[in-house]
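Along the sequence shown, residues carry numbers from 1.
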Amino acid sequence: MTHPVLQDTPAIEFDHVSCRFISPDGRATVALRDFSMTVRNGEFVAIVGPTGCGKSTTLSLITGLLTPSAGEVRLMGQRVNGIDPRIGFVFQADAVFPWRTVMHNVAAGPLFRGNSRDVAYGLAEQWIRKVGLGKFGDHYPHQLSGGMRKRVALAQTFINNPQILLMDEPFSALDMQTRTLMQDELLQLWSQTAGSVVFVTHDLEEAIAMADRVLVLTARPATLKRVYDIDLPRPRVTSEVRYDKRFVELSREIWADLREEVHID
């Protein structure tokens, strides 16, 4: 399935953003410096960089959990001002309630947003089926594998129809086979929406296999070093696209850039 045509107004804009933290002992740490980027509507952008360079800080700035020390972050053309309900999150740790069943976990979002029980549980049933857990609605998280819990997390997120999806190392705790399956699951779900994705990962191959563009950050204080257009056709099967000649070329190019920063770090 071809992804929807990108609209002109960027979903996310960073305009010369810097972000500085003050530690308890009064020392200033600069996480981002003069950082500019755009994410178009419907675009899948992956961010890679050395450990501790500030990749996750970019997500916190998008959500409004952090405020830039300089510059401006905009969503849909408007300056970020607190938590935006149009944003969905999937992080490394599963955000599931251990005392609730899969069905109750997935229905929680629509209920919180004011939907009736019938609507919320009807939507939850649909999304549980979409992520392949139709027979597990009455199970609790501790009865599920890591990959199944991650499917619950995807259902929890997509049920709210987010316009922007932020993902911070969402599959890093999974084994390689399950991780590959989840990458394909995410791409399939994303292809059915008009949402924009910002995907932070340490895995360069994961970034190339999934994204429209890969942003390489420098060592801290991070700024944007280079942007790579991933000109691999869609739809993609992540386990197969890795053998594509162009994929190998992109891996070499981006790793050469990234390796310089890792050595600095």
Side-chain angles (χ1 to χ4, degrees), residues 10-41 43-96 109 112-113 150 153-154 156-158 160 162-173 186 190 195-203 206-207 210-211 213-225 227 258 261 265:
I12 303 166
E13 296 173 273
F14 277 62
D15 186 5
H16 298 285
V17 169
S18 295
C19 188
R20 184 178 64 173
F21 301 100
I22 305 297
S23 64
D25 61 3
R27 294 183 181 181
T29 299
V30 180
L32 291 179
R33 182 178 59 195
D34 196 29
F35 180 80
S36 295
M37 75 164 184
T38 60
V39 179
R40 296 185 288 270
N41 278 284
E43 185 178 31
F44 196 124
V45 168
I47 299 178
V48 298
T51 300
C53 75
K55 297 185 294 296
S56 298
T57 300
T58 63
L59 300 186
S60 295
L61 287 162
I62 295 168
T63 63
L65 292 173
L66 286 178
T67 303
S69 310
E72 189 171 271
V73 182
R74 294 185 288 271
L75 295 184
M76 315 295 184
Q78 301 296 315
R79 186 171 187 165
V80 170
N81 183 22
I83 303 295
D84 195 306
R86 295 172 295 184
I87 295 176
F89 312 84
V90 181
F91 297 118
Q92 183 174 346
D94 301 321
V96 295
F112 180 76
R113 290 168 184 247
K150 197 59 66 177
L154 290 178
Q156 282 179 307
T157 303
F158 278 98
N160 295 316
Q163 290 179 254
I164 295 172
L165 181 58
L166 307 180
M167 311 192 79
D168 194 355
E169 298 278 356
F171 306 140
S172 60
L186 172 60
W190 169 69
S196 306
V197 179
V198 180
F199 190 101
V200 166
T201 179
H202 282 91
D203 187 331
E206 180 175 62
M210 302 187 74
R213 290 189 297 149
V214 173
L215 277 53
V216 179
L217 271 56
T218 65
R220 182 177 280 197
T223 192
L224 184 60
K225 182 176 186 180
V227 178
L258 189 56
E261 303 305 319
D265 190 49

If we ignore hydrogens and angles and just use 3.5 Å, is the side chain of [X] paired with the main-chain N or O of [Y] as donor and acceptor?
X: Ser196; Y: Ala11; value: no
X: Glu261; Y: Leu217; value: no
X: Arg86; Y: Met76; value: no
X: Asn160; Y: Pro162; value: no
X: Thr157; Y: Phe89; value: yes

Side chains of Pro85 and Arg113 in contact at under 4.5 Å (non-hydrogen atoms):
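Yes, side chains in contact.
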Is there a side-chain contact between Leu66 and Phe21, using heavy atoms and a 4.5 Å cut-off?
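Touching, per the 4.5 Å side-chain cut-off.
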To check you understand the geometry: which heavy-atom pair defines the closest contact between [X] and [Y], and what is its length?
X: Arg213; Y: Val39; result: NH2-CA, 4.1 Å
X: Val73; Y: Leu61; result: CG1-O, 4.0 Å
X: Ile47; Y: Lys55; result: O-CD, 3.8 Å
X: Val197; Y: Trp190; result: CG2-CD1, 3.5 Å
X: Thr38; Y: Pro10; result: CB-CB, 4.5 Å
X: Phe158; Y: Leu165; result: CZ-CD2, 3.7 Å

In Å and rounded to the nearest 0.5 Å, what is the [atom1] to [atom2] distance from [X] to [Y]?
X: Leu65; Y: Thr57; atom1: CG; atom2: OG1; value: 11.0 Å
X: Thr218; Y: Lys225; atom1: OG1; atom2: NZ; value: 8.0 Å
X: Ser56; Y: Glu169; atom1: OG; atom2: CD; value: 7.0 Å
X: Arg74; Y: Ile12; atom1: CZ; atom2: CD1; value: 12.5 Å
X: Glu13; Y: Gln78; atom1: CD; atom2: CD; value: 10.5 Å

Between Asp34 and Thr223, is any side-chain donor less than 3.5 angstrom from a side-chain acceptor?
no
Would you please test Ile62 and Leu75 for side-chain contact (heavy atoms from CB on, under 4.5 Å) and show each step?
CA-CA 8 Å; Ile62 295 168; Leu75 295 184; 3.8 Å; yes
What verdict does the side-chain contact (heavy atoms from CB on, under 4.5 Å) test give for Arg220 and Thr29, after you've listed the backbone C-alpha separation in whole Å, the side-chain angles of each residue and the deciding distance to 0.1 Å?
CA-CA 9 Å; Arg220 182 177 280 197; Thr29 299; 3.5 Å; yes
Among pairs that include at least one residue of residues 57-82, which meet ring-ring contact (aromatic ring centres under 6.0 Å, His included), considering only residues two or more places apart or in two chains?
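Found none.
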Which of these, Leu59, Leu186, Val90, Val48, sits in a side-chain contact (heavy atoms from CB on, under 4.5 Å) with Phe199?
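That would be Leu186; it is the only one of Leu59, Leu186, Val90, Val48 passing the side-chain contact (heavy atoms from CB on, under 4.5 Å) with Phe199.
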